[in-house]
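One structure below.
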Amino acid sequence: MKVITSEEMQKIDHAAINNYGVPGIHLMERAGEACADAIRSRFSTATRKSVLIFAGKGNNGGDGYVIASKLHAFGWDVSLVILAHRSDISGDAEISLSRLPNSVMLKCCCDNESLAAFSDLGQYALVVDAIFGTGLKSEISGVYRQAIKLINSSGLPVIAVDIPSGVDGNTGAILGVAIRADLTITFAAAKLGHVLYPGAVCTGELMIADIGIPSEVVQRAHGYEFVDAGSATALLMPRLPVSHKGSFGHVLIVAGSTGHTGAAVLAGASAVRSGAGLVTLAVPSSLNQIFEIKTTEAMTLPIEDAGRGYLRRESLAHILAGLAGKNVVALGPGLSRQPETALLVQALLTAVSLPLVVDADGLNAISENVSVLGKRAASVVVLTPHPGEMARLTGLSIAEIEADRIGVSTKFAQLHKVYLILKGARTIIASPDGEVAINGSGNPGMASGGMGDVLTGIVASLIGQGYPPFNACRLAVFIHGYAADLVAQEKGEVGLIASDVVAKLPVALQRLLRDCKSRAGLDLQNYGKQSPRLS
Ligand SMILES: NC(=O)C1=CN([C@@H]2O[C@H](COP(=O)(O)OP(=O)(O)OC[C@H]3O[C@@H](n4cnc5c(N)ncnc54)[C@H](O)[C@@H]3O)[C@@H](O)[C@H]2O)[C@H](O)CC1
Ligand SMILES: [K+]
């Protein structure tokens, strides 16, 4: 699914009106009609077909006036609160207001006192928020703020027109206060504010209505990919019946240290569970027995550590020798923050030419000398930082990163020619040549130890299986969150742990693959020619 900015939507609007001759009032009519139809179908059994519509002074309010007329025409009892003077209303909104039937109860409320008449909303079946849309420019105050608080405390179902009022359409930030909608009906395409947090929470269920804008105008618009089940399924490369374990890559995971063996084990297990043919853990030799006990499918390559329990710069040659027969390397889970380990990570970056996935302590080692990214041997490097690690990589504060997750990720990826996965709600995936995607899966239960190690294993596994890097990153992030969503459906979010996600990976993949086969009508005879694995 494509998501766009408010400015892009206004360009789409402008193009439809000026290049395709679609009158703006026609767009407003269709927008209002789509909302009224959705309300009628969802509240068809409501005993009281009475609605209270709050309208602002712009065209979002204009949509509200159309909704009022349409519902009134179907016998609904409509009350309309306009949070402006009638003289403030102009353009298409004024036209729609002038078409309002006289029997619609209408009150202009320009101050908090005048809103007092609406303290008890019990007589209404639902409230419609047509206060602000893509034109919101600053923090909300005054009567608008009071109205939003009144609506949010009403206990009634709330339908938001285009965007929940108070949500920034481009960032999902809340500008002072915002509507908490049960359903948001937007037009032509989803906006960033609908999918980025906390706007995604305010949005509730999202419906995208076609309001008669020519499809080529929407298709040509600049947008960001939102990775949902449909787009993730399209990335899948189903397996061929003639495959053998060598067909699905061999992942080397350089990881682990005293007290941090679990990170390495989780990365190995998730690599196995996401379809890698073979997985080897390159680990400190003094801990090897622990790994031999804790892993079954993943093999171990003990790296001489002189009893220290962590890997050092001296381990380089031994690890490089271990690259034979591998086709992807993951570096970092549980490696430790030892200075000697950081020197090893930097040496590996300049020596390993296989695709390299760097996470956790590997990232912290890079942060000590980010210029090492410019000296790396691998053409494909994937970094998977959480905001704290990204702060260390960039020198920005976490707040600066969180305020512009997409911008920070795309800039870093292009500057350092890496694939960047900035974890968080919502995880951003950026490629070295400017592509960017927003992940649609996952839940707050993932904020627990080991989840990052699981993702690292999946990314490396998919690259090892022959997925192009940007596909591997998007698909890995989606499957990681999707598996966690499946676990949360069964066990809730609180007790959700990394091992649960690893165990759920096969089911997550199977569900997507089943959709893929049904969607693609997979023709196995010809499929093999497409698979990069066999090229
Ligand atoms: N193709 C489409 O998407 C269509 C969208 N429509 C609707 O039009 C709005 C956008 O209309 P616009 O008038 O540009 O913006 P708003 O309605 O959001 O009004 C903003 C209004 O309020 C003022 N304002 C901005 N920030 C604040 C603030 N913090 N406090 C007070 N006032 C503020 C601003 O100056 C404007 O006057 C879109 O969302 C859709 O709902 C069309 O109807 C159909 C096609
Ligand atoms: K709104």
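First listed ligand is number 1; within each ligand, the first listed atom is number 1. Keep in mind that the numbers below use all heavy atoms, side chains included, and drop hydrogens, waters and symmetry copies.
- For Arg40 and Phe74, the positive end sits near the middle of the six-membered ring, less than 6.0 Å away and at most 45° from its axis.
- For Glu139, every heavy-atom contact with ligand 1 shorter than 4.0 Å involves the backbone, none the side chain.
- Considering backbone and side-chain atoms alike, Gly135 places an N or O below 3.5 Å from some N or O of ligand 1.
- With respect to atom 26 (N) of ligand 1, the closest heavy atom belonging to the protein is Lys137 N, 3.0 Å.
- In the model, Asn443 has a side-chain atom that pairs as donor or acceptor with a side-chain atom of Asp485 under 3.5 Å.
- Within the structure, the closest approach of Ile213 to ligand 1 falls below 4.0 Å when heavy atoms are considered.
- Among the atoms of Ala160, no N, O or S atom is found under 3.4 Å from the K ion (ligand 2).
- For Asp228 and Ser231, the side-chain atoms include at least one donor-acceptor pair closer than 3.5 Å.
- Looking at Arg474 and Asn439, their side chains never bring a donor and an acceptor atom within 3.5 Å of each other.
- Ligand 1 has a nitrogen or oxygen under 3.5 angstrom from a nitrogen or oxygen of Gly133.
- Side-chain contact, Thr456 with Asp359: a donor N or O sits under 3.5 Å from an acceptor N or O.
- Looking at Leu136 against ligand 1, both its backbone and its side chain come within 4.0 Å, counting heavy atoms.
- Between the K ion (ligand 2) and Thr184 there is no N/O/S contact shorter than 3.4 Å.
- Note: Phe412 and His416 have tilted aromatic rings, judged against thresholds of 30 and 60 degrees for the angle between ring planes.
- Looking at atom 37 (O) of ligand 1, its nearest protein heavy atom turns out to be Lys57 CE, 3.8 Å.
- Looking from atom 10 (C) of ligand 1 to the surrounding protein, the closest heavy atom is Thr134 OG1, 3.3 Å.
- At a heavy-atom cutoff of 4.0 Å, ligand 1 is contacted by no atom of Asp92, backbone or side chain.
- Of the heavy atoms in Asp13, only side-chain atoms (C-beta onward) come closer than 4.0 Å to ligand 1.
- Thr186 and Lys191 share a side-chain donor-acceptor pair at under 3.5 Å.
- For a threshold of 3.5 Å applied to N or O pairs, the pair formed by Tyr144 and ligand 1 contains no separation below that value.
- For the ligand labelled ligand 1, residue Ala188 lies outside the 4.0 Å heavy-atom shell.
- Within the 4.0 Å heavy-atom criterion, the part of Asp162 lying near ligand 1 is the side chain and not the backbone.
- Here Ile179 does not reach the K ion (ligand 2): none of its N/O/S atoms is less than 3.4 Å from the metal.
- The K ion (ligand 2) lies at 3.4 Å or more from every N, O or S atom belonging to Asp162.
- The protein heavy-atom contact nearest to atom 28 (C) of ligand 1 is Ser138 OG, 3.7 Å.
- Side-chain contact annotation: Ser274 with Ser461, donor-acceptor N/O pair under 3.5 Å present.
- Tyr144 and Phe132 have tilted rings, their planes meeting at an angle from 30° to 60° on a 0 to 90° scale.
- Inclusion of Ile163 in the first shell of the K ion (ligand 2) is supported: an N, O or S atom falls under 3.4 Å.
- Protein heavy atom at the shortest distance from atom 9 (C) of ligand 1 is Asn60 N, 3.6 Å.
- When only non-hydrogen protein atoms are considered, atom 24 (N) of ligand 1 lies nearest to Phe132 CE2, 3.8 Å.
- Ion pairing between Asp77 and Lys49 fails under the 4.0 Å rule for side-chain N and carboxylate O.
- Of all protein heavy atoms, the one lying nearest to atom 43 (O) of ligand 1 is Asp63 OD1, 2.4 Å.
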